[in-house]
Student: 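Supplied in structure tokens, the structure appears directly below.
Atoms considered below: every heavy atom in the structure, side chains included; atoms not considered: hydrogens, waters and symmetry mates.
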Amino acid sequence: MRLVLFEEPGAGKTIRLGVLTHAGVVDVSSTTGMATSAPQQYIQVIIDGFDDYRPALERLVATRLPVPLDLVRLRPPLPRPGKILCCIGNYWEHDQRDARPLNMFLKNPDAVIGPGDTIVLPEFTDPYVFQHEAELAIVIKGPAKNVKAADWRRAVFGFTGLIDVSARAQGRSTWRQGSWMGKSFDTFAPIGPCITTADEIEDPNKLWVKFWNNGDLRHNYVTDDMEHTVPELVEFATTIMTLNSGDVIACGTNHEGLGPLQDGELCELEIERIGRMALHVRDPLHRAWERGIYMGPGSTNPEARRARGEA
């Protein structure tokens, strides 16, 4: 089941719960009888009680006509996660080497935006460039603490997509590295378009991730390239801290497709079995960088590596 939060035109800012189908969105808000003034709390209630709610959700999907997608506005399915944990690196990037130590950082939950929203580049002149990182994200069912890798499904409600927008220093280094402030500007955590429940995804390490910038394909990889797989990520994170329903673990990205984001662009993320979302980019300073895939110092793109005599 693919769960969404959405607004209907003319209905104010009321957030509704929906199920995304091939024909559109089925409104299933009546399932819980909850008010929707706190959408993150709303989705957490669904996560916690999903086994009880599921029969009613399935009946509504089978009996109600879906609303076409162009008549609704999808919102982030997790409007303000309590925690957004993001992997540092975590992809082989087709390099034969030992796996690097697993590491994560916390991204600002207030940075979340959703499908159709706008990534706004900050009016800082210090970061060298702002780049996209297209990632699979794990949606937690909690409380989850000390969950072993073999038991990872106990702590996972489903999966969604996340763009880890990143301010860079020169090269591929994160701006103000060590503080991770360059990952936490407002609007730097687009999430969506939906949450696909875990039962719909047999193996999260066999999903295709794609990202387009103004129609040009940039990221194009399969999640089987992770150095540390989804079960390992769940075990690692829950060994350190308790994760609660609606928390998120972003699985990292294959950096081969890194490129700049700049004013006026349209970027699109698509993950197999989850779906596709588009976002706009606005830069109040109207800066410009060379379009394309980043090929500078630290680039893992095969062409860049060949140019350095590494492959």
Student: Considering all heavy atoms of both residues, which atom of Arg16 and which atom of Ser29 are nearest to each other, and what is their separation?
Tutor: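 Looks like CB-OG, 3.2 Å.
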
Student: Taking side chain as C-beta onward, heavy atoms only, is Ile140 less than 4.5 Å from Asn244?
Tutor: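 Ile140 does not reach Asn244 side chain to side chain.
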
Student: Taking side chain as C-beta onward, heavy atoms only, is Ile119 less than 4.5 Å from Pro190?
Tutor: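 With C-beta onward as the side chain, the pair touches.
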
Student: Do Met226 and Ile201 belong together in a cluster built from hydrophobic side chains that touch within less than 4.5 Å?
Tutor: yes

Student: Would you say Leu17 ends up clustered with Leu74 if hydrophobic residues are merged whenever their side chains have heavy atoms under 4.5 Å apart, either directly or through other cluster members?
Tutor: no

Student: Minimum heavy-atom separation for Glu93 and Arg305, please, with both atom names.
Tutor: O-NH1, 4.1 Å

Student: How close do Pro81 and Pro109 get, counting heavy atoms only, and between which atoms?
Tutor: O-CB, 3.0 Å

Student: Arg168 and Ser173: side-chain donor and acceptor closer than 3.5 Å?
Tutor: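 Judged by distance alone, the side chains do not pair up.
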
Student: Indicate the atoms forming the closest heavy-atom contact of Thr223 with Pro204, along with that distance.
Tutor: OG1-O, 2.7 Å

Student: Does Asp199 have any side chain to side chain contact (heavy atoms under 4.5 Å, CB included) partners at least two apart in sequence or in another chain, and if so, which?
Tutor: Arg54, Thr197

Student: With the side chain counted from C-beta on, respond yes when Val281 and Phe130 share a heavy-atom pair under 4.5 Å apart, and no when they do not.
Tutor: no

Student: Tell me the closest heavy-atom pair linking Ala137 and Val248, and the distance in Å.
Tutor: CB-CG1, 3.8 Å

Student: Can you confirm whether Arg64 is buried at CZ, in the sense that more than 12 heavy atoms of other residues, nucleotides or ligands lie under 6.0 Å from that atom?
Tutor: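 Enclosed.
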
Student: Could you tell me whether Lys206 atom NZ has more than 12 heavy atoms of other residues or ligands within 6.0 Å of it?
Tutor: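 Not buried by this count: 12 neighbours or fewer within 6.0 Å.
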
Student: Any ion pair linking Glu227 and Arg97 (charged N to carboxylate O, less than 4.0 Å)?
Tutor: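 Here Arg97 pairs with Glu227 in a salt bridge, since their nearest N and O are under 4.0 Å apart.
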
Student: Do the side chains of Glu133 and Arg172 get close enough for a salt bridge, i.e. N-O under 4.0 angstrom?
Tutor: no

Student: Could you tell me whether Glu200 atom CD has more than 12 heavy atoms of other residues or ligands within 6.0 Å of it?
Tutor: yes

Student: Checking the side chain of Thr187 only, and the main-chain atoms of Val120 only, is there a donor and an acceptor separated by less than 3.5 Å?
Tutor: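 Present.
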
Student: Cut-off 3.5 Å, side chains only: do Thr229 and Glu232 have a donor facing an acceptor?
Tutor: yes

Student: Which of these passes side-chain contact (heavy atoms from CB on, under 4.5 Å) with Thr196: Glu272, Met1, Arg2?
Tutor: Arg2

Student: Is the shortest side-chain heavy-atom distance between Leu71 and Val25 below 4.5 Å?
Tutor: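 Heavy-atom side-chain distance check fails, nothing below 4.5 Å.
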
Student: Before accepting this row, confirm whether a basic side-chain N of the pair Arg287/Asp263 lies closer than 4.0 Å to the acidic partner's carboxylate O.
Tutor: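 So Arg287 does not pair with Asp263 through a salt bridge.
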
Student: Begin from the C-alpha positions of Trp212 and Leu266 and carry the test side-chain contact (heavy atoms from CB on, under 4.5 Å) through to its verdict.
Tutor: CA-CA 8 Å; Trp212 293 264; Leu266 178 73; over 6 Å; no

Student: Please determine if Lys210 forms a cation-pi arrangement with Trp208, meaning its NZ or CZ atom is less than 6.0 Å from the six-membered ring centre and no more than 45° off the ring axis.
Tutor: yes

Student: Just jot down the side chain to side chain contact (heavy atoms under 4.5 Å, CB included) partners of Ile293, sequence neighbours excluded, or say none.
Tutor: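 Partners of Ile293 by the side chain to side chain contact (heavy atoms under 4.5 Å, CB included) criterion, ordered by chain and then number, come out as Arg218, Met295, Asn301.
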
Student: Considering only heavy atoms from C-beta outward, does the side chain of Tyr294 approach that of Gln131 to under 4.5 Å?
Tutor: yes

Student: Decide yes or no for Val26 and Thr21: does some side-chain heavy atom of the first lie under 4.5 Å from some side-chain heavy atom of the second?
Tutor: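 Yes, their side chains come closer than 4.5 Å.
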
Student: What's the spacing between Thr238 OG1 and Leu233 CG if we round to 0.5 Å?
Tutor: 10.5 Å

Student: SG/Cys194 to CG/Leu20 distance, rounded to the nearest 0.5 angstrom?
Tutor: 5.5 Å

Student: Hey, is the main chain of Arg276 close enough, under 3.5 Å, to the side chain of Glu268 for a donor-acceptor pair?
Tutor: no

Student: Could you see if Ile15 belongs to whatever hydrophobic cluster contains Val45? Use Ile, Leu, Val, Met, Phe, Trp, Tyr and a side-chain cutoff under 4.5 Å.
Tutor: yes

Student: Supply the atom-to-atom distance Ile191 CD1 to Arg75 CZ, rounded to the nearest 0.5 angstrom.
Tutor: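 Answer for the CD1-CZ pair, Ile191 versus Arg75, is 12.0 Å.
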
Student: Counting only heavy atoms not in Glu290 (residues, nucleotides, ligands), do more than 12 fall under 6.0 Å from its CD?
Tutor: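 Result for CD/Glu290: open.
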
Student: Between Met104 and Phe236, is any pair of side-chain heavy atoms under 4.5 Å apart?
Tutor: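 They are in side-chain contact.
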
Student: Taking side-chain contact (heavy atoms from CB on, under 4.5 Å) as the criterion, tell me which of Asp247, Leu243, Leu162, Val156 meets it with Ile138.
Tutor: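 Considering Asp247, Leu243, Leu162, Val156, a side-chain contact (heavy atoms from CB on, under 4.5 Å) with Ile138 is found only for Val156.
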
Student: Who passes side chain to side chain donor-acceptor pair (under 3.5 Å) against Arg73, sequence neighbours left out?
Tutor: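 Arg73 satisfies side chain to side chain donor-acceptor pair (under 3.5 Å) with Asp117 once adjacent residues are dropped.
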
Student: side-chain contact (heavy atoms from CB on, under 4.5 Å), that's the test. Do Val230 and Cys251 meet it? Break it down for me.
Tutor: CA-CA 7 Å; Val230 166; Cys251 298; 4.3 Å; yes

Student: Students often mix this up, so state it plainly: with edges at 30° and 60°, are the rings of Phe105 and Trp180 parallel, tilted or perpendicular?
Tutor: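 Parallel.
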
Student: Between atom NZ of Lys183 and atom CG of Leu106, what is the distance when rounded to the nearest 0.5 Å?
Tutor: 13.0 Å

Student: Please walk me through it: do Arg291 and Asn213 pass side-chain contact (heavy atoms from CB on, under 4.5 Å)?
Tutor: CA-CA 9 Å; Arg291 279 185 50 79; Asn213 184 308; 2.8 Å; yes

Student: Hey, are the side chains of Val222 and Leu207 touching, using non-hydrogen atoms and a 4.5 Å cut-off?
Tutor: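 The answer is no, as the side chains (C-beta and beyond) never meet within the 4.5 Å cut-off.
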
Student: How many angstroms lie between atom OH of Tyr53 and atom CG of Leu60, to the nearest 0.5 angstrom?
Tutor: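 Taking OH in Tyr53 and CG in Leu60, the distance rounds to 13.0 Å.
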
Student: So, for His132 and Phe211, is the gap between ring centers shorter than 6.0 Å?
Tutor: yes

Student: For the side chain of Thr239 and the backbone of Asn146, is there at least one donor-acceptor N/O pair under 3.5 Å apart?
Tutor: no

Student: Determine the minimum heavy-atom distance between Gly252 and Cys87, stating which atoms define it.
Tutor: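 Here Gly252 and Cys87 meet closest at N-CB, 3.8 Å.
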
Student: Following the transitive rule for hydrophobic clusters with a side-chain heavy-atom cut-off under 4.5 Å over Ile, Leu, Val, Met, Phe, Trp and Tyr, establish whether Leu85 and Val234 coincide in one cluster.
Tutor: yes

Student: Evaluate whether atom CZ of Phe50 has more than 12 neighbouring non-hydrogen atoms of other residues, nucleotides or ligands under 6.0 angstrom away.
Tutor: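 Atom CZ in Phe50 is packed in, count exceeds 12.
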
Student: Could you grab the distance from atom CE of Met181 to atom CH2 of Trp175, nearest 0.5 Å is fine?
Tutor: 7.0 Å

Student: In terms of hydrophobic clusters joined by side-chain contacts under 4.5 Å, are Val4 and Leu57 together?
Tutor: no

Student: Just by modelled atom types, is the Asp225 backbone N or O under 3.5 Å from a matching donor or acceptor in the His94 side chain?
Tutor: no

Student: Test side-chain contact (heavy atoms from CB on, under 4.5 Å) on Leu279 and Thr118; report intermediate values, then the result.
Tutor: CA-CA 6 Å; Leu279 296 107; Thr118 299; over 6 Å; no

